[in-house]
**Student:** 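Here's a structure for you.
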Amino acid sequence: MIFADKNVGLRSAHAALSTLAAPFYWVSSLPDRVNQWGDDNLVSRDRLMDQNQALRARVLMLEGALLELQSFKDENDRLRSLLNASERVSQQAIAAQMIGVVPDPVRQVLVVDKGEDDGVYSGMAVLDRFGVAGQVILSTPSTAHVLLLTDPSHALPVRFSRSGVRSVAQGIGDISTIELLFVPSTSSVEIGDEIVTSGLGEVFPEGYPVGEVETIVRDPNQPFMSIKIRPFARLNRSRFFIVLVPESDTTLQREAP
Amino acid sequence: MKRSLAISVPVSVLLVLVLTVFPLGEIIFQPSWGAMLVVFWCLYFAASLSLGSAFLLGILLDGFSGTLLGSHALSFCIVAYLTTLMNNRLVMFTWLQRALFVFVLIGISQIVLNWTLTLRGEAMSGFSYLYSAASSAVVWPLWSVVMKFMYPGREIND
């Protein structure tokens, strides 16, 4: 079976079977869609007006924040050019909706409703509204499988935003914790420290929030600390995700870990 | 294959595929719908639906759940073989005894499936894989009623 997994021909057969699964995921997400449709269409005028007002206020607030961010960005670009560093590339994003969970109890893989036809390929980074969620490991024409960062086979290069110490965040199979590997016992870490992506793996761009430190165990006999972090992304609640499209095509079609 | 099976089999396979990807709470407690269909086939239609169809259903489910191609197929084949071996005895049992037997059969299929998962280093810890066997046994009486409704004619085992 291991050999079959490495065989190119059988691999494409496997991918074809996954493509076949797409309509079933769509059917199984129907109750959720009906519910959502009801939320969208069967609301009272008062509630819509309230919602509208709240959203308008929020847009104003975000526009204000955006103006400030724009000036920060200009300033940052100027400072970076002073340092002779390259400018940060801005990323394109595709919004995707979750339509199912792969029925495999040992892996944490979601199915989203955007695929190759929409420009989603394996190796792309996936975020939700709060932070990094995972990466695309398989894409069919109309759906894609997203490996969550809490899956035991997922590792993500990160750094502490406060101290800059680099580390690797690996999933342990629990949806609400990830583990940090190779943080020396002597480095300064506090509970509540924010972890961001370091951009070293070239899958995830630099600087996106990943999570915050929840527990630290320092054992003087061990060279590394054992640190658990809580991911910011609401992996078991979020329905909408953002797939980041890299600017250059070099990182496309990369094999997932 | 009989004419009635030509309709019943695709319909029940479609039902199994939808149920497999249908989110019903924690995945770990989900009944193993595919294995339950295989057990039903081998209980009542062992002459026409047995190892071959179990293998094909397994391959289909492997594609669906992203497991190594062949892991569901192997576990379903073992279940099909064991059920076919004992189906004369099984149809004599009371419904409670049969449900208990389904627990054993699907437990075996889960053990085999979990063993193939270890090949890729993703086995479940402890005996947690037996939860789905237990839930399958609980659902079995209802499942067999629905399936008997779906498969009107019944073959007599040789």
Side-chain angles (χ1 to χ4, degrees), chain A residues 1-32 35 98-111 122 137-140 143-147 151-154 171-175 236 239 256-257, chain B residues 10 13-35 55-75 77 110 112-133 135:
Chain A
M1 279 189 271
I2 293 278
F3 291 122
D5 195 43
K6 300 284 177 243
N7 183 314
V8 178
L10 281 174
R11 257 223 166 148
S12 57
H14 206 169
L17 280 172
S18 307
T19 312
L20 202 68
F24 290 92
Y25 280 109
W26 189 84
V27 167
S28 76
S29 74
L30 268 183
D32 196 37
N35 189 6
M98 173 190 147
I99 54 170
V101 179
V102 170
D104 188 343
V106 282
R107 306 179 73 208
Q108 296 176 340
V109 182
L110 300 180
V111 185
S122 102
I137 52 165
L138 180 117
S139 60
T140 68
T143 59
H145 289 202
V146 177
L147 185 71
D151 185 280
S153 64
H154 191 278
I172 50 175
D174 176 3
I175 197 96
N236 47 3
R239 256 216 315 253
Chain B
V13 167
L14 285 182
L15 179 72
V16 161
L17 293 180
V18 169
L19 282 175
T20 305
V21 298
F22 201 86
L24 291 166
E26 284 287 322
I27 298 171
I28 203 161
F29 295 113
Q30 283 219 23
S32 174
W33 303 107
F55 182 82
L56 290 179
L57 182 67
I59 289 287
L60 208 55
L61 279 180
D62 280 328
F64 267 55
S65 51
T67 45
L68 273 183
L69 209 55
S71 26
H72 278 92
L74 176 65
S75 79
C77 279
Q110 289 300 107
V112 173
L113 185 62
N114 200 49
W115 175 73
T116 59
L117 289 179
T118 57
L119 292 178
R120 217 158 57 168
E122 11 180 81
M124 276 183 268
S125 57
F127 287 104
S128 53
Y129 50 84
L130 288 182
Y131 292 151
S132 99
S135 63

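By convention in this document, chain letters (A, B, ...) are assigned in the order of the sequence lines, proteins followed by strands, and residues within each chain are numbered from 1.
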**Student:** Looking at every heavy atom in both A:P103 and B:S65, which two are closest together, and how far apart are they?
**Tutor:** O-CB, 3.7 Å

**Student:** Can you name the side chain to side chain donor-acceptor pair (under 3.5 Å) partners of A:D174, sequence neighbours left out?
**Tutor:** A:S176, A:T177

**Student:** Please look at B:L74 and chain A and tell me whether the side chain, the backbone, both or neither of the residue comes under 4.5 angstrom of a heavy atom of that chain.
**Tutor:** side chain

**Student:** Measuring from atom CZ of B:F22 to atom CG of B:L15, what distance do you get when rounded to the nearest 0.5 angstrom?
**Tutor:** 11.0 Å

**Student:** So which part of A:P23 gets closer than 4.5 Å to some heavy atom of chain B, the side chain, the backbone, both or neither?
**Tutor:** neither

**Student:** Write down the atom of A:S28, the atom of A:I99, and the distance for their closest heavy-atom approach.
**Tutor:** OG-O, 4.3 Å

**Student:** Mind checking ring-ring contact (aromatic ring centres under 6.0 Å, His included) for B:W33 and listing every partner two or more places apart, or none if nothing turns up?
**Tutor:** B:W143

**Student:** What part of A:L20 gets within 4.5 angstrom of chain B, counting heavy atoms only: side chain, backbone, both, or neither?
**Tutor:** both

**Student:** Which region of B:L113, side chain (C-beta onward) or backbone (N, CA, C, O), has a non-hydrogen atom less than 4.5 Å from a non-hydrogen atom of chain A, or is it both or neither?
**Tutor:** neither

**Student:** Does any heavy atom of chain A fall under 4.5 Å from the side chain of B:S71, the backbone, both, or neither of them?
**Tutor:** both

